[in-house]
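Please find one structure pasted underneath; my questions will follow.
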Amino acid sequence: MNVKNKQKVDLINNELEKLPIHEHCYFKPESILFSDEVRGLCEKNSCGMYGTSWACPPAVGTMEECKEKCFRYENAFMFTTATEMKNSFDIKGWHEARIKHEKLTDKVADLFRKEYENPLVLSTEGCTLCAVCTYPDSPCRFPERMYPAIEGYGILVTKQAEFCGIHYNNGPNTVTYFSIIFFNNCVETAI
Ligand code: SF4
């Protein structure tokens, strides 16, 4: 790693320590576990988000295009938040945890954007920033805060988490959300 890049990584890591990240891992995009089945669930609209925003299929492109976008980058950084719920029916708690996770993703994305050009940020369950999405009639209102869904890219989060040594499930009555940031430049710690 060159000195300049080490300084950037140290700077980011120092800032990351101040944020309420539950677990994180640097890894190489070539180790990403893509799954036709995951993408297929999107296309069957299993979560109800298919075709509703710029953050989900089909707007994010075909699975091949999604893979190609990921492979343009040399490194990836995955992180989670884990939030306790009152019980498994705590819809309000789930919603609040999701908002908290997306706000944290904004902060983490900004850290990487300051140091690296044009990182790709993927997050959780599509985009719900606007009450009514502009899709498909006009461009996204907030492209900097619109994070395509990890599953929409066909990434098998359960196995990717295992590969990265991150817990997919943090126990009963908790919700765990994931984000991944792709960026260019060498990171020594990536697996
Ligand atoms: S930021 Fe708004 S316009 Fe853009 S994808 Fe999300 S909901 Fe749609």
Side-chain angles (χ1 to χ4, degrees), residues 12 15-16 19-22 24 29 32 34-73 75-83 85 90-157 160-161 175-184:
I12 289 175
E15 292 302 314
L16 289 173
L19 298 176
I21 288 174
H22 179 60
H24 70 268
I32 289 186
F34 289 97
S35 157
D36 289 332
E37 208 175 320
V38 170
R39 175 70 184 223
L41 284 173
C42 270
E43 287 165 6
K44 285 181 192 145
N45 202 13
S46 61
C47 72
M49 296 295 285
Y50 182 85
T52 62
S53 83
W54 293 105
C56 287
V60 294
T62 64
M63 183 137 159
E64 281 315 306
E65 287 166 341
C66 291
K67 279 185 190 176
E68 193 269 322
K69 279 186 240 176
C70 295
F71 293 151
R72 280 182 208 161
Y73 294 86
N75 300 285
F77 174 79
M78 173 185 260
F79 71 91
T80 59
T81 53
T83 309
M85 303 283 106
D90 183 8
I91 304 295
K92 187 167 171 272
W94 276 61
H95 182 64
E96 286 171 358
R98 164 92 199 273
I99 291 172
K100 194 177 82 176
H101 181 86
E102 293 307 315
K103 285 190 173 159
L104 182 61
T105 301
D106 288 337
K107 288 185 182 165
V108 177
D110 283 347
L111 286 178
F112 281 86
R113 283 179 181 136
K114 271 186 205 153
E115 304 301 329
Y116 298 106
E117 204 179 324
N118 199 25
L120 168 67
V121 184
L122 305 183
S123 194
T124 193
E125 294 178 6
C127 184
T128 53
L129 273 180
C130 307
V132 180
C133 183
T134 59
Y135 179 83
D137 301 319
S138 49
C140 173
R141 291 188 191 97
F142 305 107
E144 290 284 296
R145 294 180 60 213
M146 184 283 285
Y147 308 129
I150 295 175
E151 290 84 357
Y153 265 52
I155 296 172
L156 185 56
V157 182
Q160 195 66 44
V175 60
T176 305
Y177 285 122
F178 289 75
S179 294
I180 305 178
I181 300 191
F182 294 85
F183 62 102
N184 274 322

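Counting starts at 1 for both ligands and their atoms, following the listed order.
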_If the cut-off is 4.0 Å to any non-hydrogen atom of Arg141, which atoms of ligand 1 fall inside it?_
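So the atoms of ligand 1 that pass are 3 (S), 4 (Fe).
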_Atoms in ligand 1 with a heavy atom of Trp54 nearer than 4.0 Å_ =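 Answer, ordered by atom number: 5 (S).
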*Determine the interplanar angle of the Phe183 and Phe112 rings, folded into 0 to 90°, and report it as parallel if under 30°, tilted if 30 to 60°, perpendicular if over 60°.*
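Answer is tilted, since the angle falls between 30° and 60°.
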*Can you tell me if Asp90 uses its side chain to pair, donor with acceptor, with the backbone of Met85 under 3.5 Å?*
no
*Of the backbone and side-chain N, O or S atoms of Cys140, does one lie nearer to atom 4 (Fe) of ligand 1 than 2.8 Å?*
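Yes - counting backbone and side chain alike, Cys140 has an N, O or S atom under 2.8 Å.
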*How far is atom 5 (S) of ligand 1 from its nearest protein heavy atom, and which residue and atom is that?*
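Protein heavy atom at minimum distance: Met146 CG, 3.4 Å.
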*Going by an N to O cut-off under 4.0 Å, is there a salt bridge joining Arg98 and Glu102?*
yes
*Please state whether the rings of Phe182 and Tyr73 are parallel, tilted or perpendicular, taking 30° and 60° as the class boundaries.*
tilted
*May I ask you to list the atoms of ligand 1 that are less than 4.0 angstrom from any heavy atom of Thr134?*
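Contacts of ligand 1 toward Thr134, numbered from 1: 3 (S).
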*Would Tyr177 and His22 count as a close aromatic pair, with their ring centres under 6.0 Å?*
no
*Is any NZ, NE, NH1 or NH2 atom of the basic residue among Glu96 and Lys100 found under 4.0 Å from an Asp or Glu carboxylate oxygen of the other?*
no
*Protein heavy-atom partner closest to atom 8 (Fe) of ligand 1 - residue, atom, separation in Å*: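 The closest heavy atom on the protein side is Cys133 SG, 2.3 Å.
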*Taking only Lys NZ, Arg NE, NH1 and NH2, and the carboxylate oxygens of Asp or Glu, determine whether Asp110 and Arg113 approach each other closer than 4.0 Å.*
yes
*Please state whether the separation between atom 6 (Fe) of ligand 1 and some N/O/S atom of Cys127 is under 2.8 Å?*
yes
*Of the protein's non-hydrogen atoms, which lies at the shortest distance from atom 2 (Fe) of ligand 1, and what is that distance?*
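The closest one turns out to be Cys130 SG, 2.3 Å.
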_Closer than 4.0 Å to some heavy atom of Leu129 - which atoms of ligand 1 meet that?_
1 (S)
